[in-house]
Every structure is written in C-alpha cells, then in structure tokens.
Enquirer: 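Supplied in structure tokens, the structure appears directly below.
Throughout, numbering of the chain's residues begins at 1 and tracks the sequence.
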Amino acid sequence: IYPMTTGRNFDEVIRVLEQLSAELPGEMEPVDLLAYARQELKTRERIQFIERLTREADQHISIRQFDRALQVVQDGLTKYPEDATLSKLLRSIQADKTAYECEQARKSALELMQQLGRNERWIEGLQQLSSLLSEYPNDPDFLRQRQEFQLNCDLQHRASVIRENLDEAV
C-alpha cells in the first residue's frame, strides 16, 4: 500500500483498502488507513478545487471583470465556507475592484476638467474642483488644475472689468 500512496494515487489506495477491509473484517488497520486515505483524497480535491478557482478568478481580474471574479470566489465559499484562502482572495478582489473603480472615477473627473478648461468654463471648473478636492485632497493633478482654473478665472474677470471700463470711457 505504501508505494501507492507515494504516487498520490488515492483512488487506487482507497480501492485496495476497501477490498482489504472487506476481506479482513476484524482488522482495524485497513479501516484506519481507509479513513486516512479518504481524508487525504478530500484534502487533495479541496486544494485542487481552490487552485483551479483561484486561476479562474485571476483570469477575470486580469481583464477587469471583478464582478465575475467575485462570483467565482463566492461560489467556492459556498462549497468551502471556512476556507481562509478563499476568504482572503475575496477581500483582495473587493479591494482591487474598489481601487480600480476609484481610479476610473478619477480619470473621468480629469477628462471632465480638461473639457471644461478647453471650453473656458473656469467658474464651473472651480466648483467641480472644490468637490473633487474634498474626495482627493492631495491629488497633484486636481491641485494643479485648481491653480490653473483660478488663474484663468481671475484673468477672465480682470479682462471683463477692463472691457467695462473701456466701454464707460468711450
């Protein structure tokens, strides 16, 4: 029996031990070994299942399909609810998803600010930046844009005042 276990062929070991248990009903050693082999087989199946599930989740993560990756892991937790590896993977995917969504929101906000700047909508841009800086207080891009928008808003206001003064003088 020992040579069969070194090759990790638990199915064959279990078959042989079941046969021995049937042939030797009063002997406890084949029964104990059979229980051990069955437990090892279950452990091996669980490990293989989790490895396969982890690879599948990683594939979804690599193409930013976080919801699908979460679903895969949650399905695994249904089968093995106490598995620490799956629980850790679930938390990791949730954190990755949150970080990705925050970065996407930040990129969208940057694009909006660039559009407002191209359209010289300085006051609206400053209002947007005020809100954005409450979410991203130390973001260098938003801080730089606030300076740019404030400068352009001030320049626009000064130009307006100069035009009004010229109109009154004429």
Side-chain angles (χ1 to χ4, degrees), residues 7-11 14 37-170:
R8 301 282 193 203
N9 188 353
F10 288 106
D11 292 329
I14 289 171
R38 285 180 174 153
Q39 185 59 41
E40 285 297 311
L41 180 61
K42 282 183 182 179
T43 300
R44 184 169 227 234
E45 288 171 346
R46 182 181 62 74
I47 289 169
Q48 289 172 344
F49 175 82
I50 291 168
E51 287 173 349
R52 182 189 55 75
L53 190 134
T54 300
R55 283 191 304 273
E56 184 179 347
D58 286 343
Q59 288 174 346
H60 290 297
I61 291 167
S62 71
I63 56 176
R64 305 291 189 232
Q65 292 180 341
F66 294 103
D67 291 332
R68 183 66 190 121
L70 287 169
Q71 187 60 54
V72 165
V73 175
Q74 288 167 342
D75 290 347
L77 282 166
T78 300
K79 186 170 184 173
Y80 298 108
E82 301 299 320
D83 188 81
T85 301
L86 291 178
S87 295
K88 182 179 176 182
L89 181 58
L90 183 70
R91 289 189 303 274
S92 174
I93 294 169
Q94 289 169 332
D96 288 349
K97 178 183 178 190
T98 299
Y100 177 75
E101 288 172 345
C102 286
E103 183 58 27
Q104 290 304 108
R106 183 185 170 280
K107 284 180 181 179
S108 293
L110 279 171
E111 289 173 15
L112 171 65
M113 296 313 304
Q114 290 168 352
Q115 183 66 35
L116 290 173
R118 282 191 295 274
N119 294 331
E120 298 183 9
R121 294 165 55 190
W122 311 119
I123 294 173
E124 184 180 346
L126 284 171
Q127 292 167 344
Q128 289 287 330
L129 283 164
S130 177
S131 174
L132 289 168
L133 284 167
S134 68
E135 284 185 62
Y136 307 96
N138 297 316
D139 187 289
D141 292 323
F142 292 138
L143 290 169
R144 180 189 51 73
Q145 283 185 325
R146 181 178 63 185
Q147 286 179 326
E148 178 187 329
F149 275 62
Q150 187 62 57
L151 175 66
N152 283 304
C153 192
D154 291 345
L155 289 173
Q156 190 177 44
H157 177 71
R158 286 182 191 145
S160 175
V161 169
I162 291 171
R163 273 193 302 276
E164 286 175 15
N165 286 340
L166 285 174
D167 287 345
E168 288 177 9
V170 176

Enquirer: For the atom pair CZ (Arg68) and CD1 (Ile63), what is the distance rounded to the nearest 0.5 Å?
Expert: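 The distance works out to 10.5 Å.
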Enquirer: Between Glu40 and Arg44, is there a salt bridge with N-O shorter than 4.0 Å?
Expert: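 Here Arg44 does not pair with Glu40 in a salt bridge, since their nearest N and O are not under 4.0 Å apart.
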Enquirer: Might you point out which heavy atoms bring Ala69 and Ala57 nearest each other, and give the distance in Å?
Expert: CB-O, 3.7 Å
Enquirer: For a quick test of reading the model, state the closest non-hydrogen atom pair linking Leu132 to Ala109 and the distance between them.
Expert: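 Smallest heavy-atom distance, with atoms named: CD2-CB, 3.5 Å.
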Enquirer: Show the numbers, then the answer: is there a side-chain contact (heavy atoms from CB on, under 4.5 Å) between Gln145 and Leu110?
Expert: CA-CA 9 Å; Gln145 283 185 325; Leu110 279 171; 3.8 Å; yes
Enquirer: Drop me the distance from Leu143's CG to Tyr136's OH, to the nearest 0.5 angstrom.
Expert: 13.5 Å
Enquirer: Do the side chains of Asn165 and Glu168 get nearer than 4.5 Å, heavy atoms only?
Expert: yes
Enquirer: Donor-acceptor check, side chain of Asn119 to backbone of Arg121, threshold 3.5 angstrom: yes or no?
Expert: no
Enquirer: Would you say the side chain of His60 lies within less than 4.5 Å of the side chain of Ile93, judging by non-hydrogen atoms?
Expert: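 The answer is no; the side chains never approach within 4.5 Å.
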Enquirer: Could you check whether atom CG of Leu155 has more than 12 heavy atoms from other residues, nucleotides or ligands sitting under 6.0 Å from it?
Expert: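 Enclosed: over 12 neighbouring heavy atoms sit under 6.0 Å from CG of Leu155.
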Enquirer: Using modelled atom types and a 3.5 Å cut-off, is there a donor and acceptor pairing between side-chain atoms of Ser160 and backbone atoms of Gln156?
Expert: no
Enquirer: State whether Arg106 and Glu103 are salt-bridged, where the test is any N-O pair (Lys NZ or Arg NE/NH1/NH2 against Asp/Glu carboxylate O) under 4.0 Å.
Expert: yes
Enquirer: Taking Ser87 for the side chain and Asp83 for the main chain, is one N or O donor matched with an acceptor at less than 3.5 Å?
Expert: yes
Enquirer: For a 4.5 angstrom cut-off between non-hydrogen side-chain atoms, does Glu148 reach Leu151?
Expert: no
Enquirer: So Lys42 and Arg38, do their side chains get closer than 4.5 Å, heavy atoms only?
Expert: no
Enquirer: I'd like to check Arg146 versus Leu126 (side-chain heavy atoms, cut-off strictly below 4.5 Å). Are they in contact?
Expert: yes
Enquirer: How far does CD1 of Ile50 sit from CD of Glu45, to the nearest 0.5 angstrom?
Expert: 12.0 Å
Enquirer: Just verifying a value: how many Å separate Thr54 OG1 and Leu86 CG, rounded to the nearest 0.5 Å?
Expert: 6.0 Å
Enquirer: Taking only distance into account, with no hydrogens and no angle test, what donor-acceptor pairs under 3.5 Å do side-chain atoms of residues 70-81 form with protein atoms, sequence neighbours excluded?
Expert:
unit_1: Gln71; atom_1: NE2; unit_2: Asp75; atom_2: OD1; d: 2.8
unit_1: Thr78; atom_1: OG1; unit_2: Gln74; atom_2: O; d: 3.0

Enquirer: Do the non-hydrogen side-chain atoms of Met113 and Arg118 ever get within less than 4.5 Å of each other?
Expert: no
Enquirer: Distance from Leu89 atom CG to Leu53 atom CG, nearest 0.5 Å?
Expert: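 Nearest 0.5 Å value for the CG-CG distance: 7.0 Å.
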Enquirer: Is the shortest distance from a Lys or Arg side-chain nitrogen in Lys97 or Asp67 to a carboxylate oxygen in the other one below 4.0 Å?
Expert: yes
Enquirer: Please assess Arg163 against Leu166 for the test side-chain contact (heavy atoms from CB on, under 4.5 Å), listing each intermediate value before the final yes or no.
Expert: CA-CA 5 Å; Arg163 273 193 302 276; Leu166 285 174; 5.6 Å; no
Enquirer: Could you tell me whether Glu111 and Lys107 have a side-chain N and a carboxylate O separated by less than 4.0 Å?
Expert: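 No, no charged N to carboxylate O under 4.0 Å.
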Enquirer: Within the side chain of Ser108, is there an N or O that forms a donor-acceptor pair under 3.5 Å with the backbone of Gln104?
Expert: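 The answer is yes, because a donor-acceptor pair under 3.5 Å joins these two groups.
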Enquirer: If I take atom OG from residue Ser134 and atom CG from residue Leu129, how far apart are they, to the nearest 0.5 angstrom?
Expert: 10.5 Å
Enquirer: For the residue pair Trp122 and Phe149, categorise the inter-ring angle as parallel (less than 30°), tilted (30 to 60°) or perpendicular (more than 60°).
Expert: perpendicular
